[in-house]
Each structure stands twice: as structure tokens, then as C-alpha cells.
Protein chains: 2
Amino acid sequence: MNVQFKKMKPLKSYQHVVDEIVKAICDGKLKAGDRLPPEMKLKELFDTSRGTIREALRVLEQKGLIAIRTGVKGGARVLEANTKPMSDNVAILIRQQKVSLQNLAEFREMMEGHISEQAAKMADKNDIKVLNTILSQAKDHIKTKPSSWKEFHKMDASFHRLLAQIAGNPLLEANLVAVHDNIQIYFHQYLPWSEALLLDNYKDLCDIAKAIEQKDPILACRLAKDHVSKFNELMEKNLND
Amino acid sequence: MNVQFKKMKPLKSYQHVVDEIVKAICDGKLKAGDRLPPEMKLKELFDTSRGTIREALRVLEQKGLIAIRTGVKGGARVLEANTKPMSDNVAILIRQQKVSLQNLAEFREMMEGHISEQAAKMADKNDIKVLNTILSQAKDHIKTKPSSWKEFHKMDASFHRLLAQIAGNPLLEANLVAVHDNIQIYFHQYLPWSEALLLDNYKDLCDIAKAIEQKDPILACRLAKDHVSKFNELMEKNLND
DNA sequence: ACGATCAAACTGTCGGACAGTTTAATCTTT
DNA sequence: AAAGATTAAACTGTCCGACAGTTTGATCGT
């Protein structure tokens, strides 16, 4: 016996179910929108109990791979790849106070800089057009009442997300969204929003878009970082009051 | 009725259990290492069935908050905050082919650059000492047989992780580890490891450490990015053969 | 033709049972 | 008395059966 065998702990049976279904989804045998068989059918397919199946479904749900609905025609449906689990993870790290607002802000600044830099390298004519469409929509929402500022912020988020898509890195995009999901409460709560600040925000975005249009990665990177950093500093100042 | 009420879908009862326990952990009422009551006790505490409790425990387990053991003195124990769920998420995105190796590599290059830059700003005397300790250990593992190269790679990983710790951003550290977990298989499989390559790797780390010691963030950033990028390119070249 | 009612297909929740695993105490055996 | 074997106790792992709640589509009544 020279060899070191690993303790072969038998998988818990729900884990087997999870693994099989994850594999099916990743292999494309189950596509987004597809329905999984009902619990009773799964129970037969995997030859286990309903309890075991339900534990497996909870795990898959939590991984963001499926969503479950009650009623006839209900059951588990495969979801499009999404960023919810990533956001949840970040949220927990924050709630555990392992990650501070500064940590979050620094991470975002790094990403936004890099994203804008890449976007400036990659953007084609159509990307620029879509970018400008979003900007003009954002502008419209400033002119009206504060009640529609929420719409502006949505446009702002879309702008940043679109940049990430142009940059062409889904991992970057997922992290950006996760960070955004967790930082926006602070922004809404602690920034002294006014029409002037919205305009300032808007102008920054325009400058970034312009740098991207002119295919100037260095400038785009610096503008994006400055933009993020400016709003972070503003928030921190207000946070201490 | 001017107001829009949200559809008050009552929480599924396992979700209530999850929320309460997450809250307890985040509020510090449950600390790492603490034991949760056994399922039977939890069932009484939350006044539900054992099945519901078990579904909740599966979710908490998947979130990386607890680990469960069988037997007497077993049960659910609260874990230290860890990066496993983050790694799992990234792994799924890769398996779904939403994230390519290039995406992973680009993300890593961005992070390593930023981390080294920050580390150069933050490092104190002691940090430098620990860094050099790791480096000398790494060096020892090169001189010996290929069987101990695994140890070198462990040291390499420790080095990068330590940089992230010096940089002082746990979010960055978590993402670095997650990316590393998912990229290392490629490195082991597709890089033509030899004593020369290990030495090259080692030398890069030394240069980065030196730049950090000399408090030169710009240089540290560039060296780190170059290092990562060099090995990525090498791998891609071998990947196409 | 239109709304009310009802049946069917599901998930959500409960209780009970027993098998499997791990720890610690107890009981041998030398 | 020390080392090993046995056993009891405290847990989780798995199964079954039952019924309530929810949603959809068909059926019925007007």
C-alpha cells in the first residue's frame, strides 16, 4: 500500500441530484426557460425521496440556476445566467463587515477605469449610437421633477453596464452589477442629489462617451476613474456628517 | 386607492429561517465556530417541520455560511467568511461558457496590477519581511524535484494572496482567489512547466516584491501586469497546439 | 359570449419512522 | 492499569404518506 487513497465519503444524495442537473444545464441539455420535471417525476428519475429532491432544488435555486413556481404549469424553470448569486455574496460580505464602503468604492473605481479603457478599444459605430441614445434619455429625465430622478439613475446604471458589455468581459460585467447593486443604497441615501448634481453626473458620462467615441482608452480610463472617485469622495464627506 | 401596494407574497417558511440565521451571523450573535442547535431544536424554535429546517440549512450551506457534520457533537457550525461561494459562481459561469479563459485572464491582469499598486502604497516593514519569507520558501521548492513543484505553486498563490491582503481590500482578495481557483487547472494543464519556467516565475515575483519594497506603485503595477500577461500569452500559445 | 365554478397539476408544509455516523463512556482482556 | 473492543447516545441522512395552498384551463350557467 504505497498509495494514499482519499476517504471516499459517499456524496449526500441531494448533491448527486444537484450535480446531474447542473451538468445538464451547463451542457446545454437544459436551456433557459425549460421546465424541469415535477418533484414527483424527479423523485422517480433519481430514485430518491421527495425531501431529497426538494433539498436539491433549494440549492439550485440559491445558485441562481432555476426558479420555482407553484400551481399547475408551475415547477422549476431554468433561468438565464444571471448575477444575483454574485450580488448576494457581496451583500453578505458587506453585512458581515468584511467589506467596507471604501473597499467597494475602490473595487468599482478599478473596474470602471478598466471597462472604459477596454470599451474605448472595442466600441464600434453601433455601440456609440446606443450609448448616445441612453445619454439622451438620461438627459430627459433630469429636466423633469425629482420623482423621475429614479429614471435617471436607471439610465446611469444602464450606461455603465453597457460599457461593460462593450468591453466584452462578462465576468467584469457581473462584478460591476454586483457592486452596483450593493453600493446604490448608499448613493441614494448619502448623496445630496439635486438637479445640479444630476447634471454634473450626466456631463461626466458624456465626456466618457466622447473619449470612447474618439477611441482614446487612456483618457476614457482616467475620466471614468475620476468620475467614480469624485462621487465616492462626495459621499464619504456626507457620510461623516 | 392612490397607492400601489406590492403583492405581499408571504415568504416561504424556509426563507424566514434562512433570514433569521443570516441576520444572527451578520450581527455577530453567531460567530465562526459556534454550533447551531440540532434540527429538532431548530424545528421547535421556529415552530416548523424538520423538512423546512433542512431546506434552510441547505441554503445556508450553499451560501458558505455553515458546514454540517453527522454524528454526536455534529450538526451545523458557523464558518469563517470564505470565498468558496464566489469561486463556485465563477466556476458555473465558466461551465456555462459565459466566461472564457481570456475573460478570466484579463480580469486577473486588471486585479493583479491594481493589487500590486496598492500593496506598494500600503506595505510596512513587516509585510515586506513576510513577502520575502514566502519568496525564499518558494525558491527552495524549485531546486528540488518536480514532485515538489506543487509546493512552489502553493507559495506562488500565497504570494499573490498576501499582496491582496496588504492592499487591504477583502473584496479584491476574494475575487482574486475565486479567479485563481478557476484558472489554475488551465495553468497546470497547458503551461510547459520546467525548472527554467519556475525560475522565470520566481524572478518576476522577486521584481514585484522589490518594487513594493521601494514603494514604487507604478512600477509594481506594471511588473504585475506584465507577469500575468506573459504567462497568459504563453498558455494561449500552448492551448492552440 | 361572458363570468363563476370546479377539477387537475403542481408546490408548500407537516409528522413519523428508521438507518447511518460519530463521540464518549464503559467494559473487557492481558 | 493500559490498550483495545463494545455499547449507548446524540446527532444527521433518507424515506414515506398526508393534506393544504396556488395556479391554470376546462366546464358550466346565465
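Since this is a predicted model, take the numbers as computed values, not measurements.
Here dC16(D) presents its C1' atom at 15 Å from CD of Glu55(A), a figure rounded to the nearest Å. Between Met40(B) atom CE and dT12(D) atom C1' there is a gap of 10 Å when expressed in whole angstrom units. To the nearest angstrom, C1' of dT14(D) lies 12 Å from CD1 of Ile53(A). Atom pair Glu39(B):CD and dC18(C):P shows a separation of 18 Å (rounding to whole Å applied). Separating the CZ atom of Arg69(A) from the P atom of dT22(D) is a distance of 15 Å, rounded to the nearest angstrom. Straight-line distance from the NZ atom of Lys41(A) to the C1' atom of dA9(C): 14 Å, rounded to whole Å. Counting to the nearest Å, the C1' atom of dT13(C) and the CG atom of Leu11(B) are 15 Å from each other. Atom CD1 of Ile68(B) and atom C1' of dG20(C) are 16 Å apart (whole Å).
Taking only side-chain nitrogens and oxygens, Ser13(B) comes nearer than 4.0 Å to OP1 or OP2 of dT13(C). OP1 or OP2 of dT23(C) has not a single side-chain nitrogen or oxygen of Lys73(B) nearer than 4.0 Å. Here Thr70(B) does not reach the OP1 or OP2 of dG13(D): none of its side-chain N or O atoms lies under 4.0 Å away. A close approach under 4.0 Å does occur between a side-chain nitrogen or oxygen of Thr52(A) and OP1 or OP2 of dC15(D).
Scanning all heavy atoms of the two residues, the minimum distance from Ile134(B) to Ser158(B) falls at CD1-CB, 4.1 Å.
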Steps toward side-chain contact (heavy atoms from CB on, under 4.5 Å) verdict (Leu131(B), Leu135(B)): CA-CA 6 Å; Leu131(B) 271 181; Leu135(B) 282 178; 5.5 Å; no
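For Asp34(A) (side chain) and Leu30(A) (main-chain N/O), no donor-acceptor pair under 3.5 Å exists by modelled atom type.
No hydrogens or angles were tested; on distance alone, nothing pairs the side chain of Arg50(B) with the base of dT13(C) as donor and acceptor under 3.5 Å.
Residues His188(B) and His153(B) place their aromatic rings such that the two centres sit under 6.0 Å apart.
Salt-bridge annotation for Lys84(A) and Asp88(A): present, with a side-chain N of the basic residue lying under 4.0 Å from a carboxylate O of the acidic one.
Map Pro38(A) and Thr48(B) each onto its nearest nucleotide of DNA chain C; the residue landing nearer the 5' end is Pro38(A). Of the two residues contacting DNA chain D, namely Val72(B) and Gly71(A), the nearest-nucleotide position lying further toward the 5' end is that of Val72(B).
Heavy atoms of Gly75(A) sit under 4.0 angstrom from primed sugar atoms or phosphate atoms, though from no base atom. At a threshold of 4.0 angstrom between heavy atoms, the contacts of Arg54(B) include nucleobase atoms, whether or not backbone atoms are also involved.
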